[in-house]
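Order of the sequence lines sets the chain letters (A, B, ...), proteins ahead of strands, with each chain counted from 1. Source: prediction; values computed, not measured.
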Amino acid sequence: MAFLSLQNVSKSYGAAKALDAVHLAIEPGEVHALMGENGAGKSTLIRILAGVTRPDSMEMMLDGARVRINGPQDAYDLGLRFVHQELNIVAHLSVAENIVLGRAYPRRFGVAVDWKALNRQALGALKRLKITHIDPARKMARLTTGDQMLVKIAALLLDDGAQAARLYVMDEPTATLTGDESQKLFDVIRELTASGASVLYVSHRMNEIMAICDRVTVLRDGRHMATRALSDTGREELIHLMTGRELETAYPPRLSPVQERVHLSCTNLSTAHIADIGFDLRAGEVLGIAGLANTGQSELLLALLGVDKPKSGRITFDGQTKRHNPAAAWRSKIAYIPRERRRDGLMLTRSIIDNITLPHLKKFTRAVGVQSARHERAHAAQLARDVALKSDSLRQPAYQLSGGNQQKVMLARAIGDAPDLLLLDEPTRGVDVGAKYDIYTLIRALSAKGTAVILTSSDLPELTGMCDRILVMRDGKQHAIIDTTGLSPADLLATFYD
Amino acid sequence: AQSKVVVITPYLAQPGTQFYVEGFSAAAQSNGWDLNVIDTAGDVAAVISRLEDAVNQNVDAIVINVDPAQVEAGLEVARDAGIPVVGMDSGTSPYLATNVTSNGYAMAVETSVYVADRIGGTGNVVMFVFDAFPPVQIRGVIADAVFGNYPDIAVLDRVTPDVSDGGIADSRAKMEAILAANPEPGSIAAVWAAWDQPALGALQAIEDAGRDNEGIVIVGIDANPQARDAIAAGGNFEASVAQDFVGIGNKTAEMVARLLAGETVKENVVYVPTMLITAANAAQ
Amino acid sequence: MIQNLKRYGTLMGFGFIVLFFWANLPETFMTARNWLNISQQVSMLAVIAFTMTIVMVMGDFDLSVGSMASLSGITAALLFAHGYPVAVGLLAGLAVGVVGGLFNGFLVSLVGILPFVATLGTLTMYSGIAFLVSDGKTIFGRDIPRDFSGIARSGLEIPALEITVPFLTILALGVLLLVWFLLEHTAFGRRLYAIGGNYEAARLAGVKVRRLRLIAFGLTGLGAALGGLMLASRVASANPTQGSGLMLDAIAAVFLGMTMSREGEPRVLATLVGVLILGLLDNGLTQMNVDSFVREILVGAIILAAVAISSLGKR
Amino acid sequence: MIQNLKRYGTLMGFGFIVLFFWANLPETFMTARNWLNISQQVSMLAVIAFTMTIVMVMGDFDLSVGSMASLSGITAALLFAHGYPVAVGLLAGLAVGVVGGLFNGFLVSLVGILPFVATLGTLTMYSGIAFLVSDGKTIFGRDIPRDFSGIARSGLEIPALEITVPFLTILALGVLLLVWFLLEHTAFGRRLYAIGGNYEAARLAGVKVRRLRLIAFGLTGLGAALGGLMLASRVASANPTQGSGLMLDAIAAVFLGMTMSREGEPRVLATLVGVLILGLLDNGLTQMNVDSFVREILVGAIILAAVAISSLGKR
Ligand SMILES: Nc1ncnc2c1ncn2[C@@H]1O[C@H](COP(=O)(O)OP(=O)(O)OP(=O)(O)O)[C@@H](O)[C@H]1O
Ligand SMILES: Nc1ncnc2c1ncn2[C@@H]1O[C@H](COP(=O)(O)OP(=O)(O)OP(=O)(O)O)[C@@H](O)[C@H]1O
Ligand SMILES: [Mg+2]
Ligand SMILES: [Mg+2]
């Protein structure tokens, strides 16, 4: 029997319906998956439940009684705990303070913050996630993205003496986590459900859903499609419910062989963050960068983009060394998608067009520096179609897009000028299954035209499925380069460790 | 019909201006004028704007209390519209029917000579000046000339205080620093201030530093009520020069009345007498 | 409806102000003459606010524009006093603006000082320099050539309409057009907006953030200098403090304008509305004989009311 | 090394300034008496800067503190002039500050106006009100009771050291202690830092952002009022503009302090260093007989140099 049920949840933004009379029921002790394509309305539903977005209509019952949620505090008091989709951290406060954010601080003499008790509480929360390597007094800014996410998850488990939580809601918690880190989370989820609490879980990773969830509710275009037990629902059926079409689940094959021409070559490259990198990349080749969390994958891309300057070694493009900075890189057709799209990629308040065309403005320049708005719009529209972007209008500001669609905007930007080299840092983070396949197809098409691609991903099947070779990094150094023919994800994982 | 008269000034926050306006308003009331007093809060360019606005409204006469050379653009508009403009402690200008004022040169002479006499023509003098404002600039120039004429008088410092608060607080801070830098008794003989606020600030600094018994002579100009109180108290602040502010306001109204009556005014400056204020007459 | 209220609140406030004065001053307010007057009165503020918009588009500030306006006026006037021709004085004044603006840009973009601190520092420095070179005195009278003060008094006669459009007004309109074109229709402007949208993202997307920021500050300095020269011409004199009131008003005008755009970014046409609101309130309330002190309170209250309408429930 | 230079640049600048004046004014600068003097001179600015830090921690501003300081001084003085006892005047002055501050907070946090615009509007309003109620006049002399002006002249004698610590200095230190405790060691303060660090994250986590912002502005208003009363007591008079110079200096002090923290967030102890830098420069340069105009230039340049050291390569 469900203890929490939502009926008739609707929410419109202007003319667009983000949610249309959706319903959802959660049973005690279950892990309930919430699935749907990018922009289906999952995060909107969660924000409504959390009391941070006001619904147009909603009836909510808890233990058979009607309840209202007017703010985050109400949700907390009802025993609901949230990890929202975007990483919402306060960088200059400590880990402990991020964990206790919004809750009561432990106090001495009724007023002064009891730092010792605070650190103890935070440590307790981290321990429940089996995390011991994070010092609660450290500044949040000093942590890696994955660790920051773990801290946000630990915040759910904070024991501050309030009523025990009944439902934990997690919106794509594993998008920024490595496999190892994700496992820790799954262990905790099992513990939580064993003690009678429930979990509402959002992810685009099919394997996770199949492994840890009991039931699933699928949304499509803001409407409720189905609620099923996962034990009698297949992958294909789920995908069909979400997308309304049949999808390939395998990775698309190469369209043409890798060219002979070496496009990029690194010799002995070292920067402040990485060392001893050496490889040749041929036109049309897809090179994966893999390794445990924070072993320099992103930093390698930044070195190639010219953000981090080489301390020693050389980077040559088509046999030439070039002046190296991001502006020069984009000009010579190197395109880049950053790992943290909201922090490093998107201009959230600016339009989709602006976001897509930013590096290519020169293309639309006519006489005396005048921009041709018409050409620019047409160009952006074509790219938006290429990446299957879902939006009401290209004039919409980027923050109004769902997370996955924001990622597609980044992709549209990157392919906007037919790049010779594409640097992709976690390009499918938060992207739904259908769209992932679209992205893979796009990568294949580009590489067939001779674009060299460098790809990092924490999704190992994605690496083995898409890449020709994989560069494995350890502690900022190149450990090995392996061919992917016949390589299984498990084999790949094994190379990360001694 | 009722005559419409406008007074435009950037300096309404200054005590002196308030007294002009008081005197003028009283006279305006008894003359039955429709009076509008406009303050531009220190903004001279805005005076031009307000002149244009007044002309646009077809007022009968305008009184300004600002240097006419800086607002000629507006005065020209008034002249083209045939509206007479009278200066109230303003300055001479072909655009003004006349200007009613005190004699600034004479005031500076009176106080600087007072200082020179009191210190026997010898010693270090601290000057507080403000050259950005032409009428006050004149005072400083005259005092420079007077002190320069005494070989044994040295100007220790020529301070331009921050006047955003009227000048007391910053003058005081500056004087405190000067006192600290000149700790020996007698090393400062006098403080000459081009208006009263710095004199008051210097007085506070000297009293608080416990150096009010060294015989440092302080003088100001304007004899505003706060300065009068200090002079009457018999401390270091010994003298200031009183302009007859209310008298200037009255006299200005008289000139306006004559112009409104259709008279032509020949004299382009009308001086209203000033008076040296010392402990002997400060209480009046 | 509410959407529109939010978006157009400030514009409606502007319309309301116009109607209010029209109703209360039926004879004098809604006349070509009065509007030309207003346009000339606000022209200096307008030029400075328009060019201030350029740095504010990047999310930066320039607090030094007031000092810069004074300094450029003083520079020109000193050269006049030494007998140089008007053109030399004007060019020198503008050059000072560019140099000062680039120095601001250098501090902000190359050294990496927060714009607020950097331009607060240069505000003090430029004002000190203006005092130093002028010896703290007002330069006026014979030292200011008629040709220079004449600029502010001349205009373009349009016989058909029987009006004379003041030259200062034309100048301000010219600057408006230029800045509008620059910001809205060139890659340069678009990149400035990108920097304002997300500095790091712009950098990683190949925008030369440092260089652009430097140039933008240079342009703002140039605008401040131009405004200062216009002011000096209008008051036929120059002193080291005369521009200082312009800074807060210019920033206020841009911010007023920002309430009119959807995502709250500065737009130069919206800045124009901001400038006009400030100018109209001064003009209308004076004409209505409102006591100066009450006028000050009303100006504050009306601005807040206009902005409040457009802010209501914005989040 | 470079790390430390960045972090402690401003502090080193401060130390350097002290040493420089010490060397050049060996007799008079490094004396207890001079430092007590300085402490008293900066006490009003200090109080306002400390409480300004409270809103700046949230990433907000309060431009109205100068007007508020004037208004509270005027309020107290008017009550004195009407024969009310000193305590009543003081309480009324402080109450005005709280009400004005809460009104700022209301505009910013409930109506949702940008702090810069909101407090620019109230700056104008409060200044207008101060002019209106005082009729633009300075209140002084017999109207200001000895008991009130005596506050600024009294102090705590420490016979052992043969010094008298001015009461204003003690007051400023008290405010420093309170604000430090509030910001660094209470949940209230920590939540303000969270709002400043990431408003959205704080809101999602259930921090009552609106209420906290409201209260924080109230406290800043209270501090501004206290600073205004201290100023009025020190100059034994009140006029409607006397606080206006304090606003930019207070913000400058907080920003100077911000250069000293690693993530660039305001800290009240760092604000103290900022206040002292401003005060020392004024005191020392005046003692060294530096021409006032050159002094102004130097103050600007020295501040920029100090900040530049700590900014170099920060990104
Ligand atoms: N503030 C907003 N203004 C306008 N539209 C919005 C806003 N927030 C969300 N939307 C729209 O609501 C729809 C649902 O978005 P939501 O973020 O809930 O999707 P999602 O299912 O979480 O997708 P993803 O898997 O990509 O995170 C999208 O079409 C989005 O563009
Ligand atoms: N989890 C934490 N998050 C943030 N800050 C912390 C944490 N734990 C300790 N601190 C900081 O360390 C300091 C140690 O607190 P303690 O009670 O010892 O006060 P203190 O040493 O007098 O403070 P201060 O170092 O500010 O002088 C606190 O000021 C606090 O800012
Ligand atoms: Mg989502
Ligand atoms: Mg400690």
Run the side chain to side chain contact (heavy atoms under 4.5 Å, CB included) test against D:Val96 and tell me which residues pass, sequence neighbours left out.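 D:Val96 satisfies side chain to side chain contact (heavy atoms under 4.5 Å, CB included) with D:Met68, D:Leu71, D:Thr75 only.
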Could you tell me which residues satisfy side chain to side chain contact (heavy atoms under 4.5 Å, CB included) with A:Gln400, sequence neighbours excluded, listed by chain and number?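 Side chain to side chain contact (heavy atoms under 4.5 Å, CB included) list for A:Gln400, sorted by chain: A:Gln396, A:Pro397.
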Any chance you could measure [X], atom [atom1], to [Y], atom [atom2], to the nearest 0.5 Å?
X        : Y        : atom1 : atom2 : answer
A:Leu93  : D:Glu265 : CG    : CD    : 8.0 Å
A:Arg107 : D:His185 : CZ    : NE2   : 14.5 Å
A:Leu101 : D:Arg191 : CG    : CZ    : 8.5 Å
D:Glu184 : A:Trp115 : CD    : CH2   : 7.5 Å
D:Leu204 : A:Lys152 : CG    : NZ    : 7.5 Å

Side chain, backbone, both or neither: which part of A:Ala112 has an atom under 4.5 Å from a heavy atom of chain D?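 When you check distances to chain D, atoms from both the backbone and side chain of A:Ala112 fall under 4.5 Å.
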Would you mind checking which part of A:His92 comes under 4.5 Å of any heavy atom in chain D, side chain (CB onward), backbone (N, CA, C, O), both or neither?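 When you check distances to chain D, atoms from both the backbone and side chain of A:His92 fall under 4.5 Å.
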Nearest heavy atoms of D:Gly206 and A:Pro72, plus distance in Å: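 Closest approach of D:Gly206 to A:Pro72: CA-CB, 3.4 Å.
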Could you tell me which non-hydrogen atom of D:Gly197 sits nearest to which non-hydrogen atom of A:Val90, and how far apart they are?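 Where D:Gly197 meets A:Val90 most closely, the heavy atoms are CA-CG1, 3.7 Å.
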Is it the side chain or the backbone of D:Phe188 that comes within 4.5 Å of chain A heavy atoms, both, or neither?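 Neither the backbone nor the side chain of D:Phe188 comes within 4.5 Å of chain A.
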Heavy-atom check, side chain of D:Phe181 versus side chain of A:Val111, under 4.5 Å: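 Counting from C-beta outward, D:Phe181 and A:Val111 do come under 4.5 Å.
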Can you establish whether the number of heavy atoms outside D:Phe167 located under 6.0 Å from its atom CZ is more than 12?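 12 or below, so no.
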